[in-house]
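Chain letters run A, B, ... following the sequence lines, proteins first, then strands; residues in each count from 1.
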Amino acid sequence: MSAFKKVLDTLLAWLCIALFAALVLVVTWQVLSRQVLGAPSTWSSTAAQYLFVWLSLFGTAYVFSERGHIAVDFVARKAGPRAQRVVGVLTQLVILSFAGFVLVWGGLRGVGLTWSQNVSGLPVTVGQMYLALPVSGALIAFYALYHLYKIAVGREAGLPINEDEEIGRHTSAVPLIASEDPRLGPGTGPVTGPGTDPEKGR
Amino acid sequence: SGLAEADGEGKTLILSLNQTETHPSYIALTEFGDRLAERTDGRWDVEVYANETLGAQQEVIQLVGDGAVDMAVASGTQLENLNDEFQTLNLPTVFDDIDHQLEVVNDDAVVGGLFTSLEDSKNLTVLGGLTQGARNVYTAEGPVKRPEDLAGLKIRVQESDIHIDMIRAMGGSATPMSYGEVYTALQSGVLDGAENNEVSYMSQKHNEVAKHMARTEHLIGLDYVVMNTGLLEGMTEQDRTVFEEEWVAASEHHAELWKTETEKAIAAAEESGTVFNDVDEAAFDEALAPVVDKYLQTDSARELYDEVRKAAQE
Amino acid sequence: MDPAIIAGIILLVGIAVLLVLAVPIAVAVGISSFVALAVVIGAEPAVFVSSQRMFTGINSFSLLAIPFFILAGELMNTGGIAGRLIDAAKVLVGRMPGSLAQTNVVANALFGSVSGAAVASAAAIGTVMGPRQRTEGYERAYSAAVNVSSAPAGMLIPPSNTLIVYSLVSSTSIATLFMAGYGPGLLWALTCMAVVFFYTRRHPVAAAHERVPLGVAVRTLLRAVPSLLMIVIVIGGILTGIFTPTESAVIAVLYCLALGAAYQQIRLPQLPRILLDAARTSAIVMLLVGVSTIMSWVMSYSKIPRLISDSLLGLTESPAVILLLILVILLAVGTFMDPTPAILIFTPIFLPIVSTFGVDPVHFGLIITFSLCLGTITPPVGNVLFVGARVAGLRVESVIRALVPFFAALILALLVVAFVPQLSLWLPGVMGLLE
Ligand code: NA
Ligand code: NA
């Protein structure tokens, strides 16, 4: 299962990179077409919006793979390791039901309802765009089951690794693209590199 | 589906509207609910959710079909995406004026087939229409009297193929943009003009940034009221008769309110320095004829168009 | 029972319980909203409403500015812009007593004026400034507190992702909000500078200043010009209407790329990683946006905002008291919640209330953002505080003590922001952006 997850992570990472790059290009084209060519593009804003929805949904799935979505965990961290494991399993169950009801079931219903509804200016239908919901939902469900299993058998901590406790440890799921700690957001790259690792012990 | 299940006993119908509580549509639809409650002894009522709080039109239509919301006001553009033939009533020059439009949309013999066309596939019935008035082109620099005067001018249109083709045919450079951005774009010169009815022109304060209004009346706007088909069919025969009678009364009342609002808007616009001018109607009609042809692709669309035009001649 | 009360209880209890269980905030909000919806309109319509709200909540051209500004921020950190801004700040305030601390504040403000993320600012500026202050004999907790307290100014000074999120839930113009952000953002920075000033009075060791030779000063400022030009391009582009905010954000991305390439700090093989990091950060925000769109639908449908506003207005009729009450709630919420989810959750509840007594929605945007920014420097959940302490190599608790005077002063500044609307509205008014 771990090997499968690694492959999936890599594919998902490159999908996000490609969608983001396309997004930059499409909006750049929108500016160019209006300001430079004087012939405003009629499709770019719609196309950019759908690319953005896809990027957000698949990016969301990627972050679930890393257990990186923001949680308020200061209460749970006070609990013992066994209780934390229970909390971790519960969390994955809640994620699983969210993905199942809202993204997969609701998404499939959305795909059905809008399959033949045209998008003005683009050769796609709304339903085709809605496909991102059930697909990303299925991915999130897979990741939830994966973490659920790993937490249950004790191979993952009940709560995700906390950067305040484990400074310098990488939590990125994708070795191909070594990245800084995701929970810090932008800005921790080269500036906080290893050279400035805080002297935790004093 | 929970509270939305109608078992013939009635319910308070949740109606989604994209306008504010002062708009003629809100007033007419709220009164529709009051009259309905009165005549069905409170079995049926309508509660209008204004300001798009339940979602934008395109999304709310899906919710109506799926039963989460009972009724919604939707623009022609939204329904076109479900059935091409709604384009026919959204074409430039198809209606002469509000009265002609009202007569057509309340005439089952002409529009009955179109209005029930989404029942099987989408579980949606179109009850009828609410006029959105004649649309004019307005510009920062003017006056615009003939199609040539629009050459090179960037005119905002809704994001719809018909509207884009329409402004191109009328001579302008069509610039699709969302409604809320138009004011700033006119102010900064990103746009040279826009097209809309006088009521929106004033409520969006476009009179501050585009002072020339050409009475092109190229299009008579139309919103539709759609309803969940299952709910409508669940009504007792007696209640349904009342429902339909009151609906027709509401759409007529709405047209009256609309005309009053338009007169007020025109007066306020003139007061604020907007200059209205007449245009060479024949020249614009001629320019727009190819657009009409382009969107009448099927025999049934052409037939509907001919019926609508016939009503204008009578 | 009234659907407003049923839905309200499910939302409140569901979200609270799941948050305590450390379920991600977005999932807690999403699943609770779905359950509330299922109870009010039935499970089958509820699954579709939920998925559709999520989809359309993200499907917005204005929101698209957020991933672009995040990407621009990533590029800025890689591209050597932070260092140049710090040098420029030093030239500007180097002669004031406590110059290193003042430089830290100004550098955070400058960084904030080209980027939208306070956490990035605290990390980038703190990493460079901390060691310098240490060698001058500053108390480490104090210098960390200076960095932590001043970093959130960047969330108020445009460009600001937080204000873009607010514009979405409040239907206000991004351009207007951006202009309104300068007043409170500068007030935030000046408040920190004032605290530093009083501190130097009592701690001579932290009062040192230095004179920068004119030639060096000019050269340093010139070196920062290309970085600061971003303000002109982004804000100028939006104000003149040449770009929409989203387009200006993509221009910022291209500009950072160009600068990074010119400074030879960004190379092509790094781009995939940068894109992925930015995608991840924006996905976290977008999931929150998506689920809170479900929640606001449930709330609108069951008329919860009306219920809350009726009960609040039943408590007192004094607008000032209600506004103070709201500030207290927001400060409390901010202690454990990030600004973005809190804005998404509380704007639909509070904005209709304050609107009834004439608070401008743009002004309220700055009030809510300012109060929630204060939460980013408070425990138990405060991203800027955590990152600031981390780059200083200190435990959070020791920074907190040094933060107290800054926090107290910023509370006073919040009262000014709340009760002096001109501070926010003057600039957009002068620029003709208000109705
Ligand atoms: Na900023
Ligand atoms: Na906090």
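- Highest contact tally toward chain A, considering only C:Leu63, C:Thr246, C:Thr56, C:Val285, is held by C:Leu63 [criterion: heavy-atom pairs under 4.5 Å].
- When each of C:Leu288, C:Val27, C:Asn59 is checked for heavy-atom pairs under 4.5 Å with chain A, C:Asn59 comes out on top.
- Annotation: maximal heavy-atom pairing with chain C below 4.5 Å, among A:Gln30, A:Gln92, A:Gln84, occurs at A:Gln30.
- Looking at C:Val291, the atoms closer than 4.5 Å to chain A (heavy atoms on both sides) all sit in the side chain, from C-beta outward.
- Using non-hydrogen atoms only and a strict 4.5 Å limit, the part of residues 46-56 of chain A facing chain C consists of A:Ala48, A:Gln49, A:Tyr50, A:Phe52, A:Val53, A:Leu55, A:Ser56.
- Within the 4.5 angstrom heavy-atom criterion, only side-chain atoms of A:Phe64, from C-beta onward, approach chain C.
- Ranked by non-hydrogen atom pairs under 4.5 Å with chain C, the options A:Thr60, A:Leu108, A:Leu57 are led by A:Thr60.
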C:Arg280 and A:Glu66: CA distance, side-chain angles, deciding distance, side-chain contact (heavy atoms from CB on, under 4.5 Å) verdict: CA-CA 10 Å; C:Arg280 175 198 280 130; A:Glu66 298 181 331; 2.7 Å; yes
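- Heavy atoms of C:Ile294 lying under 4.5 Å from chain A belong exclusively to its side chain.
- For C:Val20, the parts lying under 4.5 angstrom from a heavy atom of chain A are both the backbone and the side chain.
- Here A:Ile70 contributes atom CD1 and C:Asn383 contributes atom CG; the two are 6.5 Å apart, rounded to the nearest 0.5 Å.
- Closest heavy-atom contact between A:Val102 and C:Ser51: O-CB, 3.1 Å.
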C:Ile31 and A:Ser97: CA distance, side-chain angles, deciding distance, side-chain contact (heavy atoms from CB on, under 4.5 Å) verdict: CA-CA 8 Å; C:Ile31 198 80; A:Ser97 50; 3.8 Å; yes
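- Of the listed residues (C:Val23, C:Ile25, C:Asp338, C:Leu21), just one forms a side chain to side chain contact (heavy atoms under 4.5 Å, CB included) with A:Val72, and that residue is C:Ile25.
- With a 4.5 angstrom heavy-atom cutoff, C:Ile242 touches chain A via backbone and side-chain atoms both.
- Residue with the most contacts toward chain C among A:Val75, A:Leu103, A:Val86, A:Val94: A:Val94 (heavy-atom pairs, distance under 4.5 Å).
- Heavy-atom distances place both the backbone and the side chain of A:Leu23 under 4.5 Å from chain C.
- With sequence neighbours excluded, no residue satisfies salt bridge (charged side-chain N to carboxylate O under 4.0 Å, His left out) with C:Arg84.
- Between chain A and the residues C:Ala283, C:Ala122, C:Ser50, the largest count of heavy-atom pairs under 4.5 Å involves C:Ala283.
- For A:Val27, the parts lying under 4.5 angstrom from a heavy atom of chain C are both the backbone and the side chain.
- Annotation: maximal heavy-atom pairing with chain A below 4.5 Å, among C:Gly30, C:Gly290, C:Gly126, C:Ala46, occurs at C:Gly30.
- With a 4.5 angstrom heavy-atom cutoff, A:Leu90 touches chain C only via side-chain atoms.
- With chain A as partner, the option from C:Thr244, C:Leu254, C:Val253 having the largest number of non-hydrogen pairs under 4.5 angstrom is C:Leu254.
- Of all the listed residues (C:Met76, C:Arg53, C:Glu247, C:Met286), the one sharing the greatest number of non-hydrogen pairs under 4.5 Å with chain A is C:Glu247.
- Neither the backbone nor the side chain of C:Ala28 comes within contact range of chain A; no heavy atom of the residue lies under 4.5 Å from a heavy atom of that chain.
- For the atom pair CG (A:Leu12) and CG (C:Leu276), the distance works out to 9.0 Å, reported to the nearest 0.5 Å.
- If you take CG on A:Leu133 and CZ on C:Phe55, they are separated by 6.0 Å, rounding to the nearest 0.5 Å.
- In this structure, chain C has no heavy atom under 4.5 Å from any part of A:Leu19.
- Pairs of residues two or more places apart, or lying in two chains, that qualify as ring pair (Phe, Tyr, Trp, His ring centres under 6.0 Å) and include a residue from residues 70-129 of chain A are A:Phe101-C:Phe34.
- Contacts between residues 140-154 of chain A and chain C, counted as heavy-atom pairs separated by less than 4.5 Å, involve no residue at all.
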Derivation of the side-chain contact (heavy atoms from CB on, under 4.5 Å) call for A:Val24 and C:Val250: CA-CA 7 Å; A:Val24 173; C:Val250 92; 4.1 Å; yes
Step-by-step side-chain contact (heavy atoms from CB on, under 4.5 Å) determination, A:His69 to C:Leu287: CA-CA 9 Å; A:His69 283 285; C:Leu287 180 63; 3.4 Å; yes
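- Here the shortest heavy-atom pairing between C:Pro24 and A:Ala71 reads CA-CB, 3.8 Å.
- Side-chain N or O atoms of A:Arg109 include none that pairs as donor or acceptor with a backbone N or O of C:Val49 at under 3.5 Å.
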